[in-house]
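Here's the structure, in structure tokens; my notes come after.
Reminder, nothing fancy here: chain letters follow the sequence lines and each chain counts from 1. Worth saying up front: this structure is predicted, and the values here are computed from it rather than measured.
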Protein chains: 2
Amino acid sequence: MPTPPPRTTTPPEPVVPHADGFAARRAATSQQILQAAAQVMADRGYAGTSLDAVAELAGVAKGSIYNNFGSKERLFEALIAHTMDRFSATLAAAPDGRTGAAALEAVVSALLVEVRDNPAGTQLLAAELFRMGRTWQESLEPVRERIVSVFREVIAQANPAADVSVVGPAVFGATLIAGLEWRTFQPERTLPDITGVVMGSVRSVLEPAG
Amino acid sequence: MPTPPPRTTTPPEPVVPHADGFAARRAATSQQILQAAAQVMADRGYAGTSLDAVAELAGVAKGSIYNNFGSKERLFEALIAHTMDRFSATLAAAPDGRTGAAALEAVVSALLVEVRDNPAGTQLLAAELFRMGRTWQESLEPVRERIVSVFREVIAQANPAADVSVVGPAVFGATLIAGLEWRTFQPERTLPDITGVVMGSVRSVLEPAG
DNA sequence: GTCTATAAGTTGATAGAC
DNA sequence: GTCTATCAACTTATAGAC
């Protein structure tokens, strides 16, 4: 019986069994936890949110949060990142080739849509974004920057003379606060209606200084 | 955020001062506590703030907080009320007989001054004002209303055709967010400078719709 | 100023899914 | 056989009492 020739290549990697199934299961519970965390944290804030509440709402055990995220802080950071990816992608894609006033209107409208359709994410951002203390500044600053930069850039393109470092945040703030007012107190009004009013309020950013 | 154990005794009455000397002492302690609470809560939020930290920063014993305010929640409510009285009084008084664009500019400038000179109060408002859950809505809604109403009224006076229920919040948001950006990232710029840029951004609210 | 009751973050050990 | 979710115990921080 001839012996097999010596190996000339490295042995095949021990294929991880059921890799896809495990990953899918893990992703599913992570999503449940993130969704629950968004709801609870939007209402109570980071410090006010207990992992017991998140676990109960998500329908998982508290230990699962640690399996998936490692700590409360990292869960929060993942939630911020997740929410921000949504926001940034939506806002950045909104102009979609448009320029000038049409581009700004698309961004304003996109933010209003997020305020309307993603209340938990919007509230989380609004509430935590303004915490300027050292505590969260490092993790939240890039988030704020990504959002504001979309406004800055679309305004700069439409009106190169604009002082975008102040005007950008101003238009962002106008849209955000008007949107919160809309969703909370006048939900019967339509998106084009509110978009038009906000654009009418800030349209002078597209015009020469006066 | 540990929830307080159930009370076994009745809460201490918000003691009515017996004599003027005592009242003055009490008022001084209350002020110190309020000031410390504003600083800590602006950074950490309500739930993230421990009364130990407030007491230490204020230089008083923790028991003094209970003597003066009765509970953490009532301290927070007093802080909100105190901050709001400042804001409302300042904003409402800002027009000082002016009308039209000058009145709006005075209000915008007054809010920017508050953002610059009262950072703790501003941050506390910005962070807690947008918490829409049932938790604080009852105590914070009147606060939001008082601020926004100043903007609504001055705009309505200047331009009766304006849709103030949306435009008011929009101008408030524009000023607040631009002010935060100013204070945090461009503190070297002057108040008239920033006031001018914000007014330039929203000046169309004073003009007929277009 | 000190003490207590308690809530909530964290951590293995274990059962269960794939 | 691995990887994931669960549960109970541990540890710390803290609101409120005295």
Whole-Å gap separating C1' (C/dG9) and CZ (A/Phe76):
16 Å
Distance below 4.0 Å between A/Asn68 side-chain N/O and D/dA5 OP1 or OP2:
yes
Could you check how far CZ of B/Arg74 sits from C1' of D/dG16, rounded to whole Å?
14 Å
For the residue pair A/Gln186 and B/Ser165, confirm or rule out a side-chain donor-acceptor distance under 3.5 Å.
yes
Nearest whole angstrom, please: distance from the P of C/dT10 to the CG of A/Asp52.
12 Å
Classify the side chain of A/Asn67 and the base of D/dA5 as holding, or not holding, a donor-acceptor pair under 3.5 Å.
yes
Whole-Å distance between C/dG9 P and A/Glu73 CD?
13 Å
May I ask you to verify if any side-chain N or O of A/Thr29 is less than 4.0 angstrom from the OP1 or OP2 atom of D/dT4?
no
Name the closest nucleotide to the B/Lys72 side chain, picking from D/dT4, C/dT11, D/dG16.
D/dG16
Check the side chains of B/Asp85 and B/Thr83 for a donor-acceptor pair under 3.5 angstrom, ignoring hydrogens and angles.
no
Between atom CG in A/Leu75 and atom P in C/dA8, what is the gap in whole Å?
16 Å
Quick one about B/Gln39 and B/Arg44 (side-chain donor to acceptor, distance below 3.5 Å, no hydrogens or angles considered), yes or no?
no
note: B/Tyr66, atom OH; D/dT14, atom P; distance rounded to Å ~ 12 Å
A/Trp182 side chain to A/Ile194 main-chain N or O, any donor-acceptor pair under 3.5 Å?
no
Could you check which residues of residues 53-64 of chain B get a heavy atom under 4.0 Å from DNA chain C? Sort them by number, please.
none
Please determine if a side-chain N or O atom of A/Arg25 lies less than 4.0 Å away from the OP1 or OP2 oxygen of D/dT4.
no
I want to check a possible cation-pi pair here: B/Lys72 against B/Tyr66, using under 6.0 Å from ring centre and within 45° of the ring axis as the test.
no
Counting only heavy atoms not in A/Gln35, do more than 12 sit closer than 6.0 Å to its CD atom?
no
Length of the line joining A/Gln32:CD and D/dT6:P, which is rounded to integer Å:
9 Å
Quick note, A/Phe22 side chain, CB onward, closest among D/dA15, C/dA17, C/dT10 is C/dA17
Please work out if A/Ser30 contacts a base, only the sugar-phosphate, or nothing of the nucleic acid, heavy-atom cut-off 4.0 Å.
nothing
Going by distance alone, is a donor N or O of one side chain under 3.5 Å from an acceptor N or O of the other, for A/Gln31 and A/Arg26?
no
Nucleotide D/dT2, atom C1' - distance to CZ of A/Arg26 in whole Å
13 Å
